[in-house]
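Shown next, in structure tokens, is the structure this report addresses.
Within every chain, numbering begins at 1; the chains are lettered A, B, ... in the order of the sequence lines, protein sequences first and strands thereafter.
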2 protein chains.
Amino acid sequence: MDEHTDQTRKPRADAVRNRERVLEAAKAVFNAGGPEASLEAVAKRAGVGIGTLYRHFPTREDLFEAVYRREVEQLSEFAEQLKSAKDPVDALRRWLRSGVEFVATKKGMVAALALAVQSGSELHAFSFERLSKAIGSLLDRAAAAGAMRADVSPEDLLRAFFGMCYMHDQPGWQSSVLRMLDVFVDGLRVQPVPKPKARASKAAKPAAKRKR
Amino acid sequence: MDEHTDQTRKPRADAVRNRERVLEAAKAVFNAGGPEASLEAVAKRAGVGIGTLYRHFPTREDLFEAVYRREVEQLSEFAEQLKSAKDPVDALRRWLRSGVEFVATKKGMVAALALAVQSGSELHAFSFERLSKAIGSLLDRAAAAGAMRADVSPEDLLRAFFGMCYMHDQPGWQSSVLRMLDVFVDGLRVQPVPKPKARASKAAKPAAKRKR
DNA sequence: GAAGATACGGAGGTAGCCTCCGTTTAACAA
DNA sequence: TTGTTAAACGGAGGCTACCTCCGTATCTTC
């Protein structure tokens with residue numbers, strides 16, 4: 001009866017408890033020591049053996065994913081709330097700004113995501129998909145309203161955003177990023193101006209160091 | 001007499017040779033295996049003992065610095081050449097575009113720089129200083145000409161640029177970054193302060209992901 | 001050619017990764 | 001309760017990489 005019609009046992013209480021402990025420890029350790037912190041330190045802090053940690057989270061990325069999934073979810077939800085805002089460009093700007101604050105408080109997340117990107121992990125795929133979808137509607141709305149150029153994808157935007165945030169441990173990064181995001185959003189607006197000067201849109205290939 | 005007035009001996013020939021070998025090996029190994037590749041692999045490839053490697057380059061960052069300093073120099077020089085260009089905004093755009101190509105060929109560099117940023121290393125300091133100076137004059141010129149907003153520092157720009165390039169191992173990163181840079185440069189132009197105009201004409205590039 | 005400075009190399013101590021398996025413990029049935 | 005059994009636990013141990021240290025080899029200089 002109940003939900004165990006498929007003859008699965010109830011999960012063991014100690015397993016559930018330990019999983020939770022590991023997660024909490026990981027959060028603390030990663031936030032303090034960066035995403036390369038020792039997994040054995042995590043296990044020790046959680047009060048479990050290293051084997052237990054690996055059973056629950058076979059790879060480092062699995063652990064990241066479990067730790068940061070919730071955060072990504074939050075960011076996405078905020079984007080979805082903004083869908084009802086009046087000015088779509090302003091909504092986008094607000095999302096980006098709140099993203100900066102978010103990053104500022106969850107220091108570990110960007111580093112973890114950056115690492116995830118490089119290893120093409122699950123976390124990266126999930127995060128990008130989730131966030132892209134959430135932002136996509138903001139972008140679409142703005143583009144449909146003619147308030148913003150339409151050739152920029154949510155993925156582009158995310159890359160730029162997280163890229164900028166990646167420098168987040170230098171002094172003054174926050175105001176720098178905010179400044180850059182303003183520039184960026186300004187650039188996103190549809191330009192009614194084809195050429196205030198020389199429009200360098202043709203493939204201005206620099207005479208730099210190209211092979212051949 | 002000659003240049004050794006300060007009673008320094010001539011450097012030993014084997015030392016010079018080994019240093020060069022290590023550098024070359026490091027270049028190859030880092031480009032192939034990323035900046036976290038094993039230093040012992042580097043030593044082996046160079047045909048020297050691990051001790052020799054560490055004597056010449058006490059830290060991993062020292063090795064990065066030696067490997068990538070030349071590349072940074074090249075990028076800086078190109079920026080300096082562009083100082084004589086007519087349109088300063090266009091010059092900036094060209095520099096950024098050539099930067100993308102540069103990154104595309106020197107895959108290891110961005111990762112190394114990214115790592116350097118996080119550890120606040122020498123390489124980072126040097127690169128930022130050198131590049132900032134080179135770009136700074138471009139920015140100043142553009143700002144002085146009234147063609148571009150003046151509240152964006154070279155450091156800001158570099159952060160944004162390298163941040164965007166950091167995603168450089170995803171499919172299609174290059175066109176994505178180019179797109180983003182265009183947006184960015186557009187945003188940098190001094191705004192005649194357009195409120196969101198409702199016109200989308202040039203934004204009609206939906207299937208235009210192809211290189212020209 | 002000898003002396004002395006300089007550089008070489010790799011053994012070895014440390015640390016973190018991850019696997020494997022004997023032991024323990026919780027869930028379920030009787 | 002108690003017995004059975006599947007599931008989870010923990011940590012020893014093998015591996016790899018980091019980095020230091022110092023006896024030995026090699027180069028420069030005189």
Length of the [atom1]-[atom2] vector between [X] and [N], whole Å:
X       : N      : atom1 : atom2 : result
A/Asn18 : C/dT25 : CG    : P     : 12 Å
A/Arg60 : C/dG16 : CZ    : P     : 11 Å
A/Leu53 : C/dT19 : CG    : P     : 12 Å
A/Arg55 : C/dT19 : CZ    : P     : 12 Å
A/Leu63 : C/dC17 : CG    : P     : 11 Å
B/His56 : C/dG9  : NE2   : C1'   : 12 Å
A/Ile50 : C/dG16 : CD1   : C1'   : 9 Å

Range on DNA chain D touched by chain A, heavy atoms, distance below 4.0 Å: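 First-to-last contact on DNA chain D, by the 4.0 Å heavy-atom rule, is D/dA6 to D/dA12.
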Closer than 3.5 angstrom, by distance alone: can the side chain of A/Asp156 be matched with the main-chain N or O of A/Ser153 as a donor-acceptor pair?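 It does hold such a pair.
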Under a 3.5 Å distance rule, please check whether A/Ser176 uses its side chain to pair with a backbone N or O of A/Gly172 as donor and acceptor.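 Flag not set: sc A/Ser176 to bb A/Gly172 has no pair under 3.5 Å.
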Taking C-beta and beyond as the side chain, do B/Met180 and A/Val152 meet within less than 4.5 Å on heavy atoms?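 In short, these two side chains touch, coming nearer than 4.5 Å.
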Does the side chain of B/Val100 reach to within under 4.5 Å of the side chain of B/Trp173, using non-hydrogen atoms?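 B/Val100 reaches B/Trp173 side chain to side chain.
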In residues 31-44 of chain A, what residues come within less than 4.0 Å of DNA chain D, judged by heavy atoms?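 None, since no heavy atom is under 4.0 Å.
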Salt bridge (charged side-chain N to carboxylate O under 4.0 Å, His left out) partners of residues 124-137 of chain A, not counting sequence neighbours, each pair once: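 The answer is A/Glu73-A/Arg130, A/Glu80-A/Arg130.
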Salt bridge check, B/Asp14 against B/Arg17: does any charged N sit closer than 4.0 Å to a carboxylate O?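 Not counted as a salt bridge, because no side-chain N and carboxylate O are separated by less than 4.0 Å.
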Could you check whether B/Arg189 pairs with A/Asp186 (Lys NZ or Arg NE/NH1/NH2 to Asp/Glu carboxylate O, under 4.0 Å)?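 Salt bridge flag = no for A/Asp186 with B/Arg189.
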Mind running a 4.0 Å heavy-atom check of residues 21-28 of chain A against DNA chain C and sending the residues that fall below it, in number order?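 Contacting residues: none.
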Chi angles and distances behind the side-chain hydrogen bond (donor to acceptor under 3.5 Å, both in side chains) call for A/Ser137, A/Asp140: CA-CA 5 Å; A/Ser137 50; A/Asp140 286 347; over 6 Å; no
With nearest nucleotides of DNA chain D determined for A/Arg12 and A/Gly51 from heavy-atom distances, which residue corresponds to the more 5′ nucleotide?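 Comparing both residues, the 5'-ward one is A/Arg12.
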Using the closest heavy atom to pick a nucleotide of DNA chain D for each, name whichever of A/Ala15 or B/Tyr54 lands nearer the 5' end.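 With A/Ala15 and B/Tyr54 compared, the 5'-side residue is A/Ala15.
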Gap between atom CG of B/Asp151 and atom CG of B/Leu188 - 0.5 Å precision: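 Reported value, rounded in 0.5 Å steps: 9.0 Å.
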Quick one: ring pair (Phe, Tyr, Trp, His ring centres under 6.0 Å) pairs with a partner in residues 11-65 of chain A, sequence neighbours left out?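 Qualifying pairs, neighbours excluded: A/Phe30-A/Phe64.
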Think B/Thr52 has a side-chain N or O under 4.0 angstrom from the OP1 or OP2 of C/dA7?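 B/Thr52 to C/dA7 OP1/OP2: no side-chain N or O under 4.0 Å.
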Donor-acceptor list for residues 38-45 of chain B side chains, cut-off 3.5 Å, not counting sequence neighbours:
from, atom 1, to, atom 2, distance (Å)
B/Ser38, OG, B/Glu40, N, 3.0
B/Ser38, OG, B/Ala41, N, 3.0

Does a distance-only test, which skips hydrogens and angles, find a donor-acceptor pair under 3.5 Å between the side chain of B/Arg9 and the base of C/dA5?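 It does not, because no donor-acceptor pair links the side chain of B/Arg9 to the base of C/dA5 below 3.5 Å.
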